[in-house]
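Here the structure comes first, spelled out in structure tokens, and everything after it is commentary.
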There are 2 protein chains.
Amino acid sequence: MQKKHSKNHPELHTFLRGHGYRVTTGRKAILTVLSDIDIHLSADDIYQKIHKRYPYIGFTTIYRTLELLERMGIVSKLDFGDGRARYEIADGLTKKPHHHHLVCLHCRRVIDYTDFIKEELEFLKRAEKGLTEKYNFAIESHVIQFYGACEQCFQRNEKHKE
Amino acid sequence: MQKKHSKNHPELHTFLRGHGYRVTTGRKAILTVLSDIDIHLSADDIYQKIHKRYPYIGFTTIYRTLELLERMGIVSKLDFGDGRARYEIADGLTKKPHHHHLVCLHCRRVIDYTDFIKEELEFLKRAEKGLTEKYNFAIESHVIQFYGACEQCFQRNEKHKE
DNA sequence: CTAACTGCAAATTCTTTGCATTAGT
DNA sequence: ACTAATGCAAAGAATTTGCAGTTAG
């Protein structure tokens, strides 16, 4: 159960110091939670997780840290359409492969999936090339997301129809 | 310049009455703005547009109407990542072909594009089929969106580097 | 030491809600 | 007339900001 926060993220240290930022307890703690959980977390999720061990870290620090980490490309900000942002370790900085999200509109559960990435990449490559040429738009990122009903919610709904 | 609000949306009348809802001035006005502009508008955009002619229509009505129209599949709610929702006439209820959005992260401009829809459909068809089978997830909608730098912002940025 | 960072509380912004009143049908 | 719909003002929720005190390097 014990973590080694101090030495956990040598990259973080490099990243931050390299840009003149300081490596603080709060920043390490926040990154550690994100790494350990390794799934999209809201600011509040992070607050809850950290609060036990670091009661003095407030939302201000969390939001400011997330903004910083996002700016540095270490975390990605996600939106699942429920009015609160989620954050996860950026693609490429985790062992997890590139993935996307299936968002259940009924129970708000989110399923990560890593399938069809090859097809997706093919489509993206073409689209990005074409859009860049046609609109002179330099694509930096994309969002591909599916919304619908997860198995449980779908079944529950089917039952109601009977 | 003159509009014929009253007879503008026979479909709306059918839709609403068919579900026991009433056809009110506010609802007609809001749908009319969305149809006339035919581009993603925020609640505030809509408020500004109709406020001149219908000063008594407030945000409450706008939000409630948009929610209703969305629930009925007449308008789509969009998210461009800037913390405020946009709304546009749903695909299929407008003459415009299926489209997606390029969002400039720097000036927040949004470009509609209708290219690569065939490739996209192919990819989506496969992905949806596969995801439905693998996760028993009933896909209802999807979001495909590109973020980046529009021509102007990109050039401005390049200049700074020199 | 000193600039970057933080917590706190207050402010902002978008959106939602309760309730008395108004207006479709 | 009977209810759905509305306006108003107030509440909510997520996020941001000003500022004075704290801490990393």
Side-chain angles (χ1 to χ4, degrees), chain A residues 5-7 9-10 12-31 40-48 50-51 53-72 75 77-87 108, chain B residues 5-10 12-31 40-48 50-51 53-72 74-75 77-87 108:
Chain A
H5 290 295
S6 41
K7 290 298 168 198
H9 297 287
L12 179 69
H13 200 282
T14 312
F15 269 125
L16 292 177
R17 296 305 298 132
H19 289 263
Y21 297 114
R22 292 179 178 173
V23 182
T24 65
T25 313
R27 289 174 179 176
K28 281 186 291 186
I30 291 166
L31 221 221
H40 35 265
L41 296 176
S42 66
D44 190 65
D45 291 337
I46 295 171
Y47 179 82
Q48 302 305 334
I50 304 196
H51 192 254
R53 201 187 292 246
Y54 307 95
Y56 47 86
I57 296 179
F59 280 100
T60 311
T61 301
I62 292 176
Y63 279 114
R64 284 197 275 230
T65 298
L66 289 170
E67 197 257 46
L68 175 66
L69 294 177
E70 195 202 357
R71 206 148 26 81
M72 305 192 65
V75 312
K77 190 176 181 176
L78 307 172
D79 171 33
F80 297 151
D82 65 347
R84 83 181 55 186
R86 309 299 159 99
Y87 302 84
R108 286 288 156 195
Chain B
H5 291 294
S6 42
K7 291 296 167 201
N8 234 354
H9 297 286
L12 180 68
H13 200 283
T14 312
F15 268 124
L16 292 177
R17 296 303 300 132
H19 289 263
Y21 297 114
R22 291 177 179 175
V23 182
T24 64
T25 314
R27 289 175 178 173
K28 281 186 291 186
I30 291 166
L31 220 221
H40 36 263
L41 297 175
S42 66
D44 190 65
D45 291 337
I46 296 171
Y47 179 82
Q48 302 305 334
I50 54 179
H51 192 254
R53 199 187 291 247
Y54 306 95
Y56 46 86
I57 295 180
F59 280 100
T60 309
T61 300
I62 293 177
Y63 279 114
R64 283 198 274 229
T65 298
L66 289 170
E67 197 257 45
L68 175 66
L69 294 176
E70 195 203 356
R71 204 146 30 79
M72 304 191 66
I74 297 173
V75 312
K77 190 175 181 177
L78 307 173
D79 170 36
F80 297 151
D82 64 348
R84 83 182 54 188
R86 311 298 159 100
Y87 302 83
R108 285 288 156 196

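Chain letters run A, B, ... following the sequence lines, proteins first and then strands; every chain starts at 1.
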**Message:** So if I define the base as every atom that isn't primed, P, OP1 or OP2, how would nucleotides 19-24 of chain C read as a B/S/- string at a heavy-atom cutoff under 4.0 Å?
**Reply:** ----BB
Could you pull out all residues at least two apart from [X] that satisfy side-chain contact (heavy atoms from CB on, under 4.5 Å)?
X: A:Glu67; value: A:Arg71
X: B:Arg64; value: B:Thr60
X: B:Thr24; value: B:Arg22, B:Arg27
X: B:Thr25; value: B:Tyr54, B:Tyr56

In whole Å, I'd like the distance from the [atom1] atom of [X] to the [atom2] atom of [N].
X: A:Ile62; N: C:dC5; atom1: CD1; atom2: P; value: 17 Å
X: A:Asp44; N: D:dG12; atom1: CG; atom2: C1'; value: 14 Å
X: A:Tyr47; N: D:dA13; atom1: OH; atom2: P; value: 16 Å
X: B:Phe80; N: C:dT13; atom1: CZ; atom2: C1'; value: 19 Å
X: A:His13; N: D:dA24; atom1: NE2; atom2: P; value: 12 Å
X: B:Leu66; N: C:dT16; atom1: CG; atom2: P; value: 10 Å
X: A:His19; N: D:dG25; atom1: NE2; atom2: C1'; value: 18 Å
X: B:Leu31; N: D:dA5; atom1: CG; atom2: C1'; value: 16 Å

**Request:** First locate atom NE2 of A:His19, then atom CE of A:Met72, and finally report the distance between them rounded to the nearest 0.5 Å.
**Result:**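 Spacing of NE2 (A:His19) from CE (A:Met72) equals 4.0 Å.
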**Request:** Could you pull out all residues at least two apart from B:Phe59 that satisfy ring pair (Phe, Tyr, Trp, His ring centres under 6.0 Å)?
**Result:** B:Tyr47
**Prompt:** When all nucleic acid strands are considered with a 4.0 Å heavy-atom cut-off, which category describes A:Tyr21: base, sugar-phosphate, or nothing?
**Reply:**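 Result for A:Tyr21 = sugar-phosphate.
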**Prompt:** Is the shortest side-chain N/O distance from A:Arg27 to OP1 or OP2 of C:dC5 below 4.0 Å?
**Reply:** yes
**Request:** Verify the contact: side-chain N or O of A:Tyr63 to OP1 or OP2 of D:dT15, cut-off strictly under 4.0 Å; return yes or no.
**Result:**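 Answer yes for this pair, as a side-chain N or O of A:Tyr63 is under 4.0 Å from OP1 or OP2.
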**Request:** Among the candidates D:dG18, D:dC8, D:dT15, find the nucleotide nearest to the side-chain atoms of B:Thr60.
**Result:**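 Nearest nucleotide to the side chain: D:dC8.
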**Message:** Does any part of the side chain of B:Ile62, heavy atoms only, come nearer than 4.5 Å to the side chain of B:Ile50, both counted from C-beta?
**Reply:** yes
**Fill in**
5'-most contact on DNA chain C (nearest-nucleotide basis), B:Ala85 vs A:Ile57, goes to A:Ile57
